[in-house]
Amino acid sequence: MSANYKDTLLLPKTDFPMKADLVKREPERLAKWEAAGLYRQILDARIGAPLFVLHDGPPFANGDVHMGTALNKILKDLVVKSRSMLGFRAPFVPGWDCHGLPIEFKVVKEQRGLEPAEIRRRAEAFARKYIDIQRGQFKRLGVFGSWEDPYLTLAPGYEADIIRAFGKLVEKGLVYQSKKPVYWSTGAQTALAEAEVEYAPRTDPAIYVKFRLTPESEAAIGRSGPTYVVIWTTTPWTLPANVAVAFSPNLNYLAFTRNGENYIIAQVPNLPPELEDPLRREPTTEYAQVVKPEVMASLRYKHPFLDRESRLIEASFVTADTGSGLVHVAPGHGKDDYIAGQANGLPVLSPVDDFGKFTEDVGVPAWVGKYVFDANAEIVTFLRENGSLLAEQKYTHDYPHCWRSKTPIVFRAVEQFFIRIDAFRAEALTAIDSVNWIPQWARNRIYGTVESRPDWCISRQRTWGVPLPVFYEDSGTLAGSERTPIVRADLAAKVADLVENGGTNLWFEKDDAWWAAQLGLPAGTSRRNDTLDVWIDSGVSHQAVLMRHPELKACGGVADVYLEATDQHRGWFQSSLMTSVALTGHAPYKTVITHGFVVDKDTKKKVSKSDQGTYKKPMEAEHFVGKFGADIVRLWAASVDFTNDVPFSEDSFARTSEAYRSFRNVLRILLANISDFEAGRQEDRKGGGHEPGMSHIPDFMASCLKNGATTVDRWVLSKLQGVIATCRAAYEAYDFRRVFETVNQFCTVELSALYVDITKDRLYCDAANSPRRRATQSVMHACFDAVAKLLAPILAYTADEAWEFSGKKTSVHIEKLPEANAALRDEALEAKVDEWLKLRAAIYQQAIEPARQAKTIAKSLEAAITLEVADAQHAALNADKAELEEFLIISELTLASGAEPVAKVFRSGQPQCPRCWRQQPLTAKGVCTRCDEALPA
RNA sequence: GGGCGUGUAGCUCAGUUGGUUAGAGCAUGCGCUUGAUAAGCGCAGGGUCACAGGUUCAAAUCCUGUCACGCCCA
C-alpha cells in the first residue's frame, strides 16, 4: 500500500548527477567554454563597466606547472572572476618570462660549442614548448584569460620596450659602469652563474701572513718592536689585489710578542703550532694584551710586497672557524670582499685576464702572464723569502669549478652596468607607502629591502637575454673590455626600433659594421654580447604590457593588483617598483597581495621544484587535476590561509573532496526540490492574478512568501542575506577562505541539516501548489541562485554545471554576484529561531537520541515529545506549536511546566499516516487531513 | 648570523578593544534512515591555544626569551 502512496509524493527530481566525475566532465565543459568564447563573452558583458586589472606576474617558461604555480594562478583567477562578478570589467592577460639562465643552461648542456645565435634559437624553442604546456595546464585549472594572446618577454615588441626602458634610465642619468667580481671560468673564458658552478674537493696552500703596521698604528698599540696583523688565506694569488684586512666585531683580538715581534690575532681555535702557544697564555700576562675594536678599526698596514698602505675594516662575515680571525680583503676577487669594499669605499683591483693569468697590474713583473693557480706556490715562496710567511698548511676544501671545463673558478672583477638606486631610493620608499599591502607586514618587508639594497647590477655575461644596447669606441688595439663604452639614450631608442620588427636576434646575427651603419656610428665601433638582467625583463612589464595592451592600457600603467608568492618581495614586486619609480615616479600597482609557499603538510617543509631530486611525492598540478579534478584543486586553494605557508598533501585533497561533495549535494537537492517550481510559477500566475510584468523571481518570490512562508522560510532567507553580504565583502577583501567557510557553514548547517530536512514533509507531501510549498521553493530557488553564484569563482566548473541544469542558457560566469536585500533580514526572527535551536538540541540530546539508542523509536518523526519549560514561555511556544512540530521533525509536541527545559518522549496516541509518516488523526481515506487534501479526488 | 613572518582539536580554519566551562566544518566512533541513497539525519569523543617565564583581579589574546617552520639576505 505504502508504495502506492510513494507514487503520490512530489519527490526531488533532477538530472544533475550526484557523482561529480570531474576528471571526465571538466574537459568537456572546458571545450564548450572555448567553443563559445566564454572569456570574450564575459568581457563583452562588462563593456562600459569600471576596469579592474590584475597584472599577471610571468612564470618562468620551463617545466610543468607545479602546485605552487597552480596556487598562484588559481588565486589570481579567484580575484579576476570575483571582480568580474562584482561588476568590473576584469581582463586577464597572462604572461611568460622567457629569457634567462635556466633555459640557456639547459640548451647549452644538451649540446656544447653552439654559436650564440643558435643557442638563442634553441632557447626560444624550449621556452615556447613549455609555454604551450603550461598554457594547457593553466586552462585546465579553469583559469580564464586571453590564453591565445599572452604577453611574452621574448616577443620583439616586448624586447623593444625593455630596451626603451633602458634608454630612459640612461637619459635620466641613472646608469653607470663599474667593476664587480663574477664567477669566471678560465677554461671557457666566460662568466658563470651560480648554477653553472660545481663544487669539488681541492687542496690549496693555507698560509698565515703577517702585514706590518704603519708607524702611527704601531704607536697606537704601544709595544716595542715591529707589530703585525696576521691574516690567513687559501688563495695566495689574490694577495696582489689586497686592499684591506677585515676583523670581526664579535671576536677578541690580542697582541702578543714572539721573537721580538708583535702579532695581532684573534682568540680562535685551530691555530697552527707556530702561532698556538703564545695564545694559550692568559690575556693579562705581559705577553699579550687585548686590542679593542675601536683600536682595531684605526689600524693601517703596509702591503707585504707592494708599495701600498691599507687599513683594517670591520666586517660581519669574519668568523672564528678557520684562520686567524683576520681576513685579507680583495674586493676584486670575492663576493664578501666586494660588499665590504663597497661599504668602505675600497678600490676594486683584479689584475687577472680572461685566461686566469696575471696582467701587468699585478705589480710584480715576474708574475705577469702566470696562471694564478700556478702562481700560488711561487707567491708562497716569495713570502717566505721576504719574511712575511708565518705558517703554511695544506688545506682541502670544496672549491667551485666550471661545470664545463672543470677548471677551478676564479672570482674576477669585470666591467658591469649599474642602476644608481640612491637617485630615487627616497621616492621609491614614498611609493611603497602609497600601496595597499596584503598582508600588511609585507610593507615592512619590502621597505626594509629597498631601504638597504645596493645599486642594481643590470648587466650579465649571458646569451639568452635582451642585449645591453651599449657600444664601444674604436680604440685601435685595445681589448674589447678596455674600450670606452658609448651609453646613449638615443642609440638605445634606435636599437629598440630595429628590435621592434626584427627581434633581438639581430644583435647576435648582424655584425658590428651593420650596427654601426644602422645607428650612424663611426665604422669600427664595436658591441659586446652582454645582456640585461632578466629582472629588468619582467620588471618593465608595466611599460611593455600595462601601457601597451589594448585591454589594459586604460589603467595608465598602474595595475589594481599584483599577486605573487612571498619571494617576489625581492623579485618582481621590487624590480617592478624600482623601474616604475625610476621611469614614472610612482608604483605600478595599487594593491600587492602576497601568498606563502606550498609546504608539505606532514613536515611543514617547503615543496618546490628544486627539491625534485629528494622530494618523492607528486607535486605537479596535472597529477592532482587528473586524480581529483580542477575544482577540487581550486577549492583547496580557496580554503587555505594563503597569506601563510600553505599545507599540502594528497590527503588534503581527499578532505577537500568531502567539502566539495557537500556543496555539490546541496546544489543538487535544491535543484531537485525546485524542479517543478517554474511550472508552479506559471500556474500561480494564472490563478493568482499577477501583473504580466511581474515574472521575475523577486516579485514572484515576494508573493509566495506573503502567502505561505513559515518561520523557517523567513529564517533561511534572512540568513542567506547575511551569507551574501559576508561573501561579497570577503571577495572584495580577497578573503576567499571566508567565502568558503561561510558558504560551507550555510550549506551544511542551515540548509542541509535544517532547512532541507525540515521542509521535506511539505515539499514531498503537500499539494503541488500549496502556498507554503511554493514559498519554500521560492526560498530554495533564491538559495540555489545565490550559492551557485557565490561559489562560481571557486568551483568554476561545478557552479557552471549546476547553473546549466537549472535551465540557464548562458554561463554563470557572466552573472553578477547576488546583493543582500536588507528588507529580507529579520534579526528578531533569527534570535527566535536561535531559541528554537536550543530547544531542538535539548530535545534531541535528552529525548530522541536516548530513545533511538534504546530502540524505542527509529526516526524522529515517530516521536511525541513532552517539553517542560517555564510557564511564561508557554503562550509563545503554543502559538507556534504546529511550526515547532515541523521544525523539530516530530509528530506531536506537548508543553508542561518546569524550571529548565526538560524533554521526554512518549508514545503518541495517534495512528501513523501511511503517506507522510506523521502521527495524526486519519480521514476516511486512511491518511491525515493534509494528505487527504493533497491526494487527487 | 640578520630582516620579515607563522605556530589554536587528526585536517582546514573562527576566536571582536585581554573577561563566563576555547568555537565551526570535515575526519573518527556509536546509532538512525532507506521518500537527497556511491546520499541524508542525530549523538558522542577529541585541545595544558608550540614551550618557558612575566604583567594583570583576569591572557590563546599584552611583554620577554626558547624551539620549530617559511621567505629573503648574509
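Values below: every heavy atom of this structure, side chains too, minus hydrogens, waters and symmetry copies. Naming: A, B, ... by sequence-line order, numbering from 1 per chain.
Atom CZ of A:Arg772 has more than 12 heavy atoms from other residues, nucleotides or ligands within 6.0 Å. A 6.0 Å sphere centred on CG of A:Asp15 holds no more than 12 heavy atoms belonging to other residues, nucleotides or ligands.
Computed from coordinates, the A:Glu750 CD to B:A24 C1' distance equals 11 Å when rounded to whole Å. Look at CG on A:Asp757: it is 14 Å from P on B:U33, rounded to the nearest Å. When the P atom of B:G70 is taken as reference, atom CZ of A:Phe648 falls 16 Å away, rounded to whole Å. Atom CG in A:Asn665 sits about 17 Å away from atom P in B:G25, given to the nearest Å. If you measure from atom OH of A:Tyr5 to atom C1' of B:U34, you get 21 Å, rounded to the nearest angstrom. Residue A:Met18 contributes atom CE, which lies 13 Å from atom P of B:G35 at whole-angstrom precision. Rounding to whole angstrom units, CD of residue A:Gln853 and P of B:C32 are separated by 8 Å.
Set against B:A38, B:C4, B:C73, the side chain of A:Arg445 has B:C4 as its closest nucleotide. When distances run from any side-chain atom of A:Arg655 to the nucleotides B:C32, B:G70, B:A27, the shortest one goes to B:A27. You'll find that the side chain of A:Arg570 is closest to B:C73, out of B:G31, B:C73, B:C26.
Nucleotides B:U48 and B:C73 place their C1' atoms 38 Å apart, quoted to the nearest Å.
Interface remark: the A:Ser752 side chain does form a donor-acceptor pair with the B:A36 base, using a distance-only criterion of under 3.5 Å.
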Can you give the dot-bracket line for RNA chain B, using ( ) for pairs inside the strand, [ ] for pairs that cross earlier ones, | for pairs with another strand and . for unpaired bases, where Watson-Crick and G-U count if both distances are under 3.5 Å?
-> (((((((..((((.....[...)))).(((((.......))))).....(((((..]....)))))))))))).

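Where A:Ile857 and A:Asn444 each meet RNA chain B at their nearest nucleotide, the meeting point lying more 5' is that of A:Asn444. Of the residues near RNA chain B, A:Ile848 and A:Phe642, the one whose nearest nucleotide (by heavy atom distance) lies more toward the 5' end is A:Phe642.
In the region residues 737-745 of chain A, proximity to RNA chain B at under 4.0 angstrom, judged on heavy atoms, holds for A:Arg737, A:Glu741, A:Asn744, A:Gln745.
Looking at heavy-atom distances under 4.0 Å, A:Arg453 makes no contact with the nucleic acid at all. Across all strands, A:Lys855 comes closer than 4.0 Å only to sugar-phosphate atoms, never to a base (heavy-atom distances).
Note on A:Lys6: a side-chain N or O is less than 4.0 Å away from OP1 or OP2 of B:G35. Between A:Arg668 and B:U37, a side-chain N or O to OP1/OP2 separation shorter than 4.0 Å is present. Taking side-chain N and O atoms only, A:Lys859 has a distance below 4.0 Å to OP1 or OP2 of B:U34.
A donor-acceptor contact shorter than 3.5 Å is absent between the side chain of A:Tyr764 and the backbone of A:Cys916.
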